[in-house]
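See structure below.
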Amino acid sequence: MDGQHARLRINLSEREFEVEGSEAFVKAYLDRFESWLARFDQTAEPARVNPAPDTLARPAPRRLEGNSFGELIHHLPRAASDVDRVLLAGYFSYLRSADKSFSTGDANGLLTEQGIKVGNPSQCVRQNLIAKRVFKHQGRYRLSQTGIDYLRQLLGAELPA
């Protein structure tokens, strides 16, 4: 089976890693990555390779807790863009609204309350529209499943409902 293609992926926020190549090549790096990741967290359990050569076992996603936007925004990675911040603010507003929608002003207001200044929130919403993370609904916006999945991946966690 050495000729089969395999992949390992790395994501430090979730202690995931990736190497791609033949199954033998990937297995050669598995022990190196496990010990390297264990240095980041002494209680870490090493990742295990699934029997299928093109997949990697992932830990169950952690569940974000907290009822305030301030608590939620702190889970964003430092490298998150303004587009990501506006999407998360829109998601929080979307959850709290009766019609499950948000406006650019709603999202920007939440960010402003947290001391986060976004240069052009309208452009950020437009970029999320182009990426199909949000869609228009009666003059406001709703998050698409793509947008929710993107936030889950970005945060490395299950989102609060």
Side-chain angles (χ1 to χ4, degrees), residues 5 7-20 29 33-34 36-48 50 54-161:
H5 190 75
R7 175 179 47 195
L8 296 175
R9 198 171 76 75
I10 189 164
N11 176 338
L12 292 179
S13 68
E14 284 301 307
R15 297 178 36 254
E16 299 174 349
F17 54 93
E18 182 173 328
V19 173
E20 198 164 333
Y29 282 90
F33 278 122
E34 286 177 341
W36 184 68
L37 289 173
R39 286 185 230 159
F40 283 103
D41 181 2
Q42 294 300 323
T43 63
E45 286 186 32
R48 308 262 188 253
N50 286 340
D54 201 30
T55 59
L56 175 67
R58 292 185 179 161
R62 71 185 195 282
R63 182 107 176 115
L64 295 180
E65 300 298 328
N67 296 324
S68 75
F69 179 65
E71 292 176 70
L72 186 60
I73 194 80
H74 288 294
H75 291 284
L76 271 178
R78 288 184 182 166
S81 67
D82 282 348
V83 175
D84 298 333
R85 288 181 190 91
V86 168
L87 183 64
L88 186 61
Y91 173 76
F92 188 83
S93 183
Y94 156 91
L95 289 177
R96 303 298 183 272
S97 72
D99 65 348
K100 296 293 187 195
S101 68
F102 72 96
S103 68
T104 303
D106 295 337
N108 192 44
L110 285 169
L111 290 165
T112 301
E113 287 174 10
Q114 296 302 313
I116 299 169
K117 184 169 179 355
V118 174
N120 190 343
S122 296
Q123 180 61 31
C124 292
V125 171
R126 263 186 248 117
Q127 287 182 276
N128 279 310
L129 269 168
I130 291 167
K132 299 187 188 290
R133 294 181 191 131
V134 299
F135 58 93
K136 289 185 179 183
H137 176 75
Q138 298 178 350
R140 293 173 56 90
Y141 302 96
R142 283 188 173 176
L143 266 80
S144 65
Q145 188 60 49
T146 302
I148 292 170
D149 292 343
Y150 176 78
L151 284 174
R152 281 185 186 129
Q153 180 183 7
L154 185 66
L155 296 168
E158 282 298 316
L159 298 169

Test: ring-ring contact (aromatic ring centres under 6.0 Å, His included). Region: residues 97-116. Which pairs qualify, not counting sequence neighbours? Phe102-Tyr141

Sort and list the pairs that fulfil ring-ring contact (aromatic ring centres under 6.0 Å, His included) and have at least one residue in residues 109-135, not counting sequence neighbours. none

Residues which pass side chain to side chain contact (heavy atoms under 4.5 Å, CB included) with [X], listed by chain and number, not counting sequence neighbours:
X: Thr112; result: Asn108
X: Asp84; result: Ala80, Ser81, Tyr150, Leu154
X: Gln145; result: Ile148, Asp149, Arg152

What closest approach, in Å, do [X] and [Y] show between heavy atoms, and which atom pair accounts for it?
X: Gly147; Y: Leu143; value: C-CD2, 4.3 Å
X: Leu72; Y: Phe92; value: CD2-CD1, 4.0 Å
X: Leu76; Y: Leu88; value: CG-CD2, 3.7 Å
X: Ala89; Y: Ala107; value: CB-O, 3.4 Å
X: Val86; Y: Cys124; value: CG2-CB, 3.7 Å

Could you give me the CA-CA distance, side-chain angles and deciding distance for Leu110 and Ile73, then say whether side-chain contact (heavy atoms from CB on, under 4.5 Å) is met? CA-CA 10 Å; Leu110 285 169; Ile73 194 80; over 6 Å; no

Any pair counted as salt bridge (charged side-chain N to carboxylate O under 4.0 Å, His left out), so long as it reaches residues 103-122, sequence neighbours left out: Asp106-Arg140

Tell me if the NZ atom of Lys100 is crowded by more than 12 foreign heavy atoms within 6.0 Å. yes

Distance, nearest 0.5 Å, that separates OH of Tyr94 from NE2 of His137: 10.5 Å

[X]: which residues meet the side chain to side chain donor-acceptor pair (under 3.5 Å) condition with it, sequence neighbours left out?
X: Ser122; answer: none
X: Gln114; answer: none
X: Asn128; answer: Arg133

Considering residues at least two apart in sequence or located in another chain, which fulfil the salt bridge (charged side-chain N to carboxylate O under 4.0 Å, His left out) criterion with Arg85? Asp82

